[in-house]
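Throughout, residue positions are numbered sequentially from 1 according to the sequence presented. Whatever order the structure lists them in is the order used to number ligands and atoms, beginning at 1.
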Amino acid sequence: MDEIQKDINLRLLDAISLENTSLVEQLLEQGADVWFRDEKGTSPLHFACSNGNLEIVKLLLQYGHAWNVIDNEGSTAGEYAKRKGHNLVYELLLEEGCRTELILEKDERPSNIDYLSQPLKYSQDGTKLLDYENNGVMMGWEKPLMDRHAEIICIREGLDILNVGFGLGLIDTAFQKYKLRSHTIIEAHPDVYKFMMDRDWNNKPGVKIIYGRWQDVLDQLGTYDGIFFDTFGEYYEDLRKFHEALPNLLKFDGIYSFFNGLGATNTFFHDVYCRIAEMHLASVGLQTEYIEIPIDSSNDEIWEGVKRRYWTLDTYRLPKCQLMLEL
Ligand SMILES: C[S@@+](CC[C@H](N)C(=O)[O-])C[C@H]1O[C@@H](n2cnc3c(N)ncnc32)[C@H](O)[C@@H]1O
């Protein structure tokens, strides 16, 4: 970077820190670089969010600053605003995140074909299911969450339940306690299917196992009082497609829920994706309530042997979704 550019970039950071909006605009006009970072990876947007200056945040976004940059510690500008209690700035960034993500063109990559063709490992103690790269497919620490999902879905006995993704069978074990009328499980991985068969899941009360990807077996399904969705290695786009199928699968007074791991390593990304999911669900006629559950997954021991922590938040937002009925 030449000295002149560096100088104008540093002047931009100074102007943001001094909250001199007109100078910020002038420097941006003159070619100051919105992609500039200091040695800690702090971007102009991080500085503006830390000060809580709404006008400057708007200006930076208008000049093409990305909403989702992270500093060297992995913190988003949204988090800077939240930590300092700048709620209006936080809300603006949240809206920008939703808007940008919603207009992004969706690609049509086949999601988890690789995952489905590679072997899996169940740990001896039954608390971990890992893929071939030691990514955690499902982990025992999620049991209290799965119990809660089942409890929220099973509001009475005699229900028809659909679960997509068996994993460790935690939610299916929980569902079995509710004296269901029928209990359909879709599972696509051959090793998980074998695990289920070895444990006689096909002979448990009401259980019908459909072996295949949910995308390929939709025509074998009926309608259900309760539906739970928790797959692995798929994109948000897949979840959205499943949501689009829901009006044909959920009975009019049924309850739908899904494992909410959306952006779950960063509170700001999590907020953006929770809101996007809520908007998409509303567009197919479902209203969503997020039930907050405190959760502690910080203990190093539970992540031993697992490649990456896929959860770092201290609150789980359990989605409870129901069809909006027109009167
Ligand atoms: C996170 S685990 C589910 C854990 C489960 N909720 C439990 O309580 O143990 C995800 C499961 O979804 C399965 N899966 C992944 N993609 C799928 C797909 N497209 N259709 C059906 N099952 C899929 C995986 O093989 C895995 O068993």
Collect the protein residues that have a non-hydrogen atom under 4.0 Å from ligand 1 and hand them over in chain and number order.
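The 4.0 Å shell around ligand 1 contains Asn112, Tyr115, Val137, Met138, Met146, Gly165, Phe166, Gly167, Leu168, Gly169, Leu170, Ile171, Glu187, Ala188, His189, Val192, Gly212, Arg213, Trp214, Gln215, Phe228, Asp230, Thr231, Phe232, Glu234.
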
Can you measure from CD1 (Ile276) to CD (Glu101) and round to the nearest 0.5 angstrom?
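So the gap between those two atoms works out to 5.0 Å.
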
Taking only residues two or more places apart in sequence, or in another chain, which ones meet Asn51 in a side-chain hydrogen bond (donor to acceptor under 3.5 Å, both in side chains)?
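In terms of side-chain hydrogen bond (donor to acceptor under 3.5 Å, both in side chains), with neighbours along the sequence ignored, Asn51 is linked to no residue.
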
Donor-acceptor under 3.5 Å (Gln287 side chain, Leu323 main chain):
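Here the side-chain-to-backbone pair does not exist.
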
Examine the side chains of [X] and [Y] and answer whether a donor and an acceptor come within less than 3.5 Å of each other.
| X | Y | value |
| --- | --- | --- |
| Glu234 | Thr231 | yes |
| Tyr236 | His280 | yes |
| Thr42 | Asp71 | no |

